[in-house]
Amino acid sequence: MKAKLQATNSENFHFPDNALFRNLLGEHDKHLKHIERLVPVAGEATAVHLVKNLLVQLYALLENGYPLFPQDIDYAHRILSEDGAASLEKIFLDKVFISSKKRLITPKSIAQKLYIDAIRNYDMVFGIGPAGTGKTYLAMAMAVAALLEKKVSRIALARPAVEAGEKLGFLPGDLAEKVNPYLRPLYDALFDMMDVEKATALMHKGIIEVAPLAFMRGRTLNDAFVILDEAQNTTSEQMKMFLTRLGFGSKAVITGDITQIDLPTEKTSGLIEAEKILRKSDRIGFVHFSELDVVRHPLVQEVIRAYNHIDRTRKSTMEREISS
C-alpha cells in the first residue's frame with residue numbers, strides 16, 4: 001500500500017510563484033523558522049535532503065490550493081522522516097469531509113491515509129492504536145460523508161459501557177443519564193462534523209443512533225455505517241455479537257487501543273481476540289497506528305512514547321524473571 005503513496009521525484013528545487021513562495025515561508029518567515037527548529041540542518045546531507053523534500057512537497061500542496069498551517073508542517077515532517085518517498089499530495093489532498101465549521105478533514109499521516117483507503121475498500125475495518133491518532137474521528141467523518149452522499153441510510157455509533165450495562169444501577173439518574181458519560185466522546189465528534197440542530201434532528205428520527213454496545217444485541221443493521229469505539233473494552237462475547245450485526249449494504253469500523261484495557265483481568269479483550277481470529281481474512285482491513293500518528297498536542301506523542309518504553313521494559317523484566 002505504501003508504494004501507492006510515493007511522491008514524484010523532487011529534485012527540481014524550483015518555486016516559480018512568488019506569492020506561493022511567501023506563503024510557504026510564512027508571515028515573517030515563521031514557517032521556515034519552524035522547519036529550522038524541526039530539522040537543524042547544519043550541513044548534514046540527510047537533514048538537507050529532508051528539508052529540500054519537505055519544502056518542495058509543501059509548495060506543491062500550496063499550488064493545489066491547500067491552506068498550509070503550522071501543524072501541517074509538523075505532520076509533513078513526521079511523514080517524510082518516516083518515509084522520504086511518501087507523497088504529501090496523495091495524503092493531505094485526500095478530502096474526506098468538510099465539517100459544518102467549514103474545516104477540511106483530511107489524513108495527516110501515512111497510517112491515516114491507509115485507514116481511509118481501507119474504509120473505502122472493505123466493509124469491515126479495524127483501526128488499532130493509541131489515543132489521539134484520529135481512529136474514531138476519521139471513521140465518523142467517513143460515516144457522515146456516506147450518509148450525506150446517500151451511500152448509507154443510517155449511522156450507528158456504539159461504545160461499550162465498561163461493565164457491559166449490567167452494573168450501572170448504582171449510578172444516579174435514569175438509564176440515559178447513566179450511560180451518557182460513556183457516549184459523550186461520540187457526541188462530541190458528531191457535533192464537530194455536523195450542525196448541532198441537524199445532528200439532533202437526525203438522532204430524533206433514528207437516522208443517527210448513539211448507543212451503548214449492549215443495545216445492539218438481537219438486531220441486524222442493513223444499509224448502515226456502524227462504528228464501535230473503545231473496542232478494547234468489549235468482552236469476547238460482546239465483540240462476536242457486534243460483528244454479527246452487520247447486514248446488507250453496511251460498513252463496520254471497529255476502533256480501540258489495546259494498551260488501555262479496562263476490563264477485569266480475568267476477561268479477554270474482544271478486540272485482541274478478534275484480531276487473532278480474523279487478521280488472515282482478505283475481506284477485512286486491519287490498520288495499526290503508533291505514536292507517529294498522534295494529531296493532538298505534541299506532548300501526547302511524547303507521553304505515549306514514554307509509556308510504551310516503560311511497558312516494554314516491564315515486559316522484558318518479566319520475561320527474564322520467568323526464564324531464570
Side-chain angles (χ1 to χ4, degrees), residues 67 69 71 94-108 112 115-116 118-120 123-127 131-162 165 168 171 173-217 219-231 233-234 242 245-257 295-296:
F69 295 99
Q71 61 266 33
D94 185 353
K95 184 175 70 175
V96 176
F97 186 65
I98 299 176
S99 73
S100 62
K101 300 173 184 177
K102 306 301 180 186
R103 188 169 67 250
L104 181 64
I105 299 172
T106 69
K108 301 297 184 184
Q112 286 193 357
Y115 183 54
I116 291 301
I119 294 173
R120 289 175 177 141
D123 287 338
M124 184 177 291
V125 174
F126 287 78
T133 50
K135 305 182 300 295
T136 305
Y137 194 81
L138 287 173
M140 188 81 77
M142 291 290 286
V144 173
L147 179 67
L148 296 180
E149 293 167 11
K150 302 188 185 306
K151 293 178 180 178
V152 296
S153 61
R154 57 192 302 207
I155 297 173
L157 313 170
R159 257 191 171 200
V162 175
L168 295 173
L171 293 173
D174 59 21
L175 181 60
E177 290 170 327
K178 292 176 192 293
V179 300
N180 267 347
Y182 292 96
L183 304 175
R184 189 72 251 170
L186 294 177
Y187 285 113
D188 290 343
L190 177 62
F191 293 151
D192 199 42
M193 305 282 169
M194 303 182 73
D195 178 79
V196 175
E197 288 75 17
K198 183 174 183 178
T200 302
L202 291 173
M203 284 190 284
H204 285 158
K205 293 177 182 177
I207 295 173
I208 297 179
E209 179 182 3
V210 183
L213 176 59
F215 286 23
M216 298 293 161
R217 192 175 299 278
R219 301 170 60 187
T220 300
L221 299 167
N222 292 313
D223 196 28
F225 197 119
V226 191
I227 299 172
L228 173 58
D229 191 35
E230 296 290 330
N233 288 325
T234 60
F242 175 80
R245 298 308 93 201
L246 198 64
F248 294 106
S250 293
K251 279 185 179 287
V253 179
I254 300 96
T255 71
D257 177 2
V295 290
R296 291 181 182 171

Handout entry: Main-chain N/O of Lys135 paired to Thr255 side chain as donor or acceptor, under 3.5 Å
Key = no

Kindly give the heavy-atom pair with the smallest separation between [X] and [Y], and that separation in Å.
X: Val96; Y: Pro107; answer: CG2-CD, 4.1 Å
X: Ile227; Y: Ala143; answer: CD1-CB, 4.1 Å
X: Ala189; Y: Tyr137; answer: CB-CD1, 4.4 Å
X: Ser99; Y: Ile105; answer: CB-CD1, 4.3 Å
X: Val253; Y: Ala139; answer: CG1-CB, 3.8 Å
X: Arg120; Y: Lys95; answer: NH2-O, 3.9 Å

Handout entry: side chain to side chain contact (heavy atoms under 4.5 Å, CB included) between Gln71 and Val295, worked out
Key = CA-CA 9 Å; Gln71 61 266 33; Val295 290; over 6 Å; no

Do [X] and [Y] come within less than 4.5 Å of each other through their side chains, counting heavy atoms only?
X: Leu246; Y: Met124; result: yes
X: Val144; Y: Phe225; result: no
X: Gln112; Y: Leu138; result: yes
X: Leu148; Y: Met193; result: no
X: Leu228; Y: Met216; result: no
X: Leu147; Y: Leu202; result: yes
X: Leu213; Y: Phe242; result: yes

Practice task
Decide side chain to side chain contact (heavy atoms under 4.5 Å, CB included) for Thr220 and Phe248; before the verdict, give the C-alpha distance in whole Å, the side-chain angles of both, and the deciding distance to 0.1 Å.
Solution key: CA-CA 9 Å; Thr220 300; Phe248 294 106; over 6 Å; no

Handout entry: Arg159: which of Thr136, Thr234, Asp229, Asn233 passes side chain to side chain donor-acceptor pair (under 3.5 Å)
Key = Asp229

Exercise for the section: Run the numbers on Lys251 and Val152 for side chain to side chain contact (heavy atoms under 4.5 Å, CB included), then give the verdict. Expected result: CA-CA 9 Å; Lys251 279 185 179 287; Val152 296; 5.9 Å; no

Problem - Lys/Arg-Asp/Glu bridge criterion (N-O < 4.0 Å) met for Arg103, Asp192 - result: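 Yes, Arg103 and Asp192 are salt-bridged.
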
